[in-house]
Amino acid sequence: MSDDVAARATAVFRSAYGEAPAGRWAAPGRANLIGEHTDYNDGFVLPFALPLRTVVAAAPQPGATWTVRSELTGETVTFGADEVAESGRVTGWGAYVAGVLWALREAGHPVPGARLAIASDVPLGAGLSSSAALEAAVLAALADLGGLELPAARRPRLAQRAENDYVGAPTGIMDQSAVIRCRAGHALFLDCRDESVEHVPFDLDAAGLAVLVVDSRAPHRHADGEYAARRASCERAARLLGAAALRDVPADGLADALTRLDDQETRRRVRHVVTENQRVLDTVALLRAGRVREIGPLLTASHASMRDDFEITVPEVDTAVEAALAAGALGARMTGGGFGGCVLALVDAERADAVAAAVTAAYAERGFAAPGHVTVRPAPGATRLD
């Protein structure tokens, strides 16, 4: 993370409140290396934290009131215990902050009143978990200001409750786990059933590689409704198969499971989840062995499965994947919930700019708005800066 976003958070705080903050807390965006739509199926995911971060500058204030200033919107919102107590009372971006307060209070934690200021370089709407970054940074700030006993392993579930039950977004546990628990130079192998984690080495520099993240700039099309529909389809399939979740369908039992389902669409959804879980396990095995270059085909196979079986890609992301592969990427896939968002490509470090240029050229040829891109390496999770 550059120091710029932290300095901006301080500047916003000083402008809003006329004094220096008591501290600054940061949480990253995340990219999911592999394992899409497996989290709510009790499966496996493999995200890593990005160097792009959201920073919250904060200080205590008397009483049960909270004031929050956003650099992005220029707005200041204030809410008290009554607004926090019931979902829907705080809307817009402020709901993510109020949701964290609600989740902490629901869990019995005495949350101190606070003034907060937010700055971020995690792009909104790109599928890089800007909302989880905000939740995690706010959670870290409030926990420290209040002296709350909150070990890192318990924080993702609180942040997820804020998003699920207060904001109303039906996300799984992956995003919050990644932005809170990731380590620099590692991917986070997360079992979404028991929330156990393993920090798997993901040493791109040693392999002469980089991850190119391409922002497709595609507007999210029906993302919320389609996400909910995919989740409902998976839950229905698990019931039909007599399984607690699709995670319980083994790869070698997939063919038998598919014969027991009554329509082609449900079969495709199940095939994606079961094969994606196996791709996560195969990727982890390669990373444990230090064979980073060999994960590329798994990433590409994941994209094909999301495109053909789960049907969550759009022309812009498919174009980015195809152009990156044609330009020499070792593997490429959409990352995130789908219907827009970002693509990540595993590339030789010296080829990153050439691959990005090839994607940009392909977009121009198709008449799409120019994509954004950034080269990233695995970064640390949420932390106090000072």
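We're numbering straight along the sequence, starting at 1.
In this structure, Tyr166 and Glu106 have side chains that are not in contact, with every pair of non-hydrogen atoms separated by 4.5 Å or more. You'll find the side chain of Val45 reaches within 4.5 Å of the side chain of Cys192, heavy atoms only. Put simply, the side chain of Val314 reaches to within 4.5 Å of the side chain of Val317, judged on heavy atoms. Side-chain contact check for Pro110 versus Leu148: some heavy-atom pair is nearer than 4.5 Å. Looking at Leu261 and Leu241, their side chains come closer than 4.5 Å, going by heavy atoms from C-beta outward. Glu316 places none of its side-chain heavy atoms less than 4.5 Å from the side chain of Thr319.
One distance of note links CZ of Arg307 with OG of Ser302; it measures 11.0 Å at 0.5 Å rounding. With values rounded to the nearest 0.5 angstrom, Phe339 atom CZ is found 4.0 Å from Arg230 atom CZ. Note that CG of Leu258 is 9.0 Å distant from CD of Gln264, once rounded to the nearest 0.5 Å. The CD1 atom of Ile173 sits 11.5 Å away from the CZ atom of Arg161 when rounded to the nearest 0.5 Å. Taking CG from Leu158 and CD from Gln176, the interatomic distance works out to 10.5 Å, rounded to the nearest 0.5 Å.
Closest non-hydrogen pair, Gly331 versus Thr300, comes out as CA-OG1, 3.3 Å. Asp165 and Ser87 get closest at one heavy-atom pair: O-CB, 3.7 Å. Considering all non-hydrogen atoms of both residues, Pro201 and Leu287 come closest at O-CB, 3.7 Å. Heavy-atom minimum distance, Pro315 versus Arg366: CB-NH2, 4.1 Å. Of all heavy-atom pairs spanning Arg267 and Asp262, the tightest one is NH2-C, 4.1 Å. Here the closest non-hydrogen pair linking Gly80 and Trp66 is C-CZ3, 3.8 Å.
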*What do the steps show when you test Leu104 against Leu150 for side-chain contact (heavy atoms from CB on, under 4.5 Å), and what is the final call?*
CA-CA 10 Å; Leu104 284 167; Leu150 265 181; 3.5 Å; yes
_Using the rule given for side-chain contact (heavy atoms from CB on, under 4.5 Å), can you reason through Leu33 versus Ile295, listing the C-alpha separation, both sets of side-chain angles and the distance that settles it, and then say yes or no?_
CA-CA 10 Å; Leu33 184 60; Ile295 70 173; 4.1 Å; yes
_Pair Thr283-Leu286, side-chain contact (heavy atoms from CB on, under 4.5 Å): steps then yes or no_ = CA-CA 5 Å; Thr283 301; Leu286 288 171; 5.8 Å; no
*Between Arg377 and Asp205, is a salt bridge (Lys or Arg N to Asp or Glu O under 4.0 Å) present by the stated rule, with each step listed?*
CA-CA 8 Å; Arg377 289 171 175 79; Asp205 288 339; 2.4 Å; yes
*What do the steps show when you test Leu281 against Val284 for side-chain contact (heavy atoms from CB on, under 4.5 Å), and what is the final call?*
CA-CA 5 Å; Leu281 298 176; Val284 168; 5.8 Å; no
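The closest donor-acceptor contact from the side chain of Glu276 to the backbone of Gly35 lies under 3.5 Å. Here the side chain of Thr360 pairs a donor or acceptor atom with the backbone of Ala356 at under 3.5 angstrom. Under a 3.5 Å cut-off, the side chain of Tyr17 and the backbone N or O of Leu116 do form a donor-acceptor pair. Checking side-chain atoms of Asp248 against main-chain N and O of Ala245 turns up a donor-acceptor pair under 3.5 Å. For the pair Ser216 (side chain) and Gly341 (backbone), a donor-acceptor distance under 3.5 Å is present. No donor-acceptor distance shorter than 3.5 angstrom exists from the side chain of Ser129 to the backbone of Ala132, with no hydrogens or angles considered. Remark: side-chain polar atoms of Glu235 are not paired, donor with acceptor, to backbone N or O of Ala232 under 3.5 angstrom. Side chain of Thr38 to main chain of Phe44: a donor-acceptor pair is present (N/O by atom type, distance under 3.5 Å, no hydrogens or angles).
In this structure, Tyr363 and Phe368 have perpendicular ring planes: the angle between them is above 60°, well past the 30° mark.
Residues in residues 240-298 take part in these ring-ring contact (aromatic ring centres under 6.0 Å, His included) pairs, two or more places apart or across chains: His272-Phe310. Applying the salt bridge (Lys or Arg N to Asp or Glu O under 4.0 Å) test to every pair with at least one member in residues 36-50, sequence neighbours left out, gives these pairs: Glu36-Arg333, Asp42-Arg193. For residues 59-80, every residue pair satisfying the salt bridge (Lys or Arg N to Asp or Glu O under 4.0 Å) rule, not counting sequence neighbours, is listed here: Arg8-Glu71. Note on residues 18-32: pairs passing salt bridge (Lys or Arg N to Asp or Glu O under 4.0 Å), not counting sequence neighbours, are Glu19-Arg115, Arg24-Asp386, Arg30-Asp175. Applying the side-chain hydrogen bond (donor to acceptor under 3.5 Å, both in side chains) test to pairs two or more places apart or on separate chains, those with a residue in residues 346-357 are Arg293-Asp348.
Residues Ser233 and Arg269 bring no donor and acceptor atom of their side chains to less than 3.5 Å of each other. There is a side-chain donor-acceptor pair under 3.5 Å between Thr275 and Arg279.
Cluster membership check: Val167 shares its hydrophobic cluster with Leu142, using side-chain heavy-atom separations under 4.5 Å among Ile, Leu, Val, Met, Phe, Trp and Tyr. Cluster membership for Val55 and Val77, using ILVMFWY side-chain heavy atoms within less than 4.5 angstrom, is not shared. Val97 and Val5 fall into different hydrophobic clusters, where Ile, Leu, Val, Met, Phe, Trp and Tyr are joined by side-chain heavy atoms under 4.5 Å apart, directly or via other members. Cluster membership check: Trp93 shares its hydrophobic cluster with Leu139, using side-chain heavy-atom separations under 4.5 Å among Ile, Leu, Val, Met, Phe, Trp and Tyr. Residues Val84 and Val56 share a hydrophobic cluster, clusters being chains of Ile/Leu/Val/Met/Phe/Trp/Tyr side chains in contact below 4.5 Å.
Under the side-chain contact (heavy atoms from CB on, under 4.5 Å) criterion, Arg183 pairs with His186, His199, not counting sequence neighbours. Listed by chain and residue number, Asp318 satisfy the side-chain contact (heavy atoms from CB on, under 4.5 Å) test with Glu322 (two or more places apart in sequence, or in another chain). Applying the ring pair (Phe, Tyr, Trp, His ring centres under 6.0 Å) rule to Tyr40 yields the partners His37, Tyr227; only residues at least two apart in sequence or on another chain are considered. In this view, Arg154 satisfies the salt bridge (Lys or Arg N to Asp or Glu O under 4.0 Å) rule with no residue, not counting sequence neighbours. Residues passing the ring pair (Phe, Tyr, Trp, His ring centres under 6.0 Å) test with Phe48, sequence neighbours excluded: Phe202. Under the salt bridge (Lys or Arg N to Asp or Glu O under 4.0 Å) criterion, Asp263 pairs with Arg236, sequence neighbours left out. Partners of Asp282 by salt bridge (Lys or Arg N to Asp or Glu O under 4.0 Å), not counting sequence neighbours: none found.
When each of Asn32, Ile34, Leu299 is paired with Leu344, the side-chain contact (heavy atoms from CB on, under 4.5 Å) condition holds for Leu299 and for no other. Residue Trp25 is tested with Asp144, Thr54, Thr383 for a side chain to side chain donor-acceptor pair (under 3.5 Å); the sole match is Asp144.
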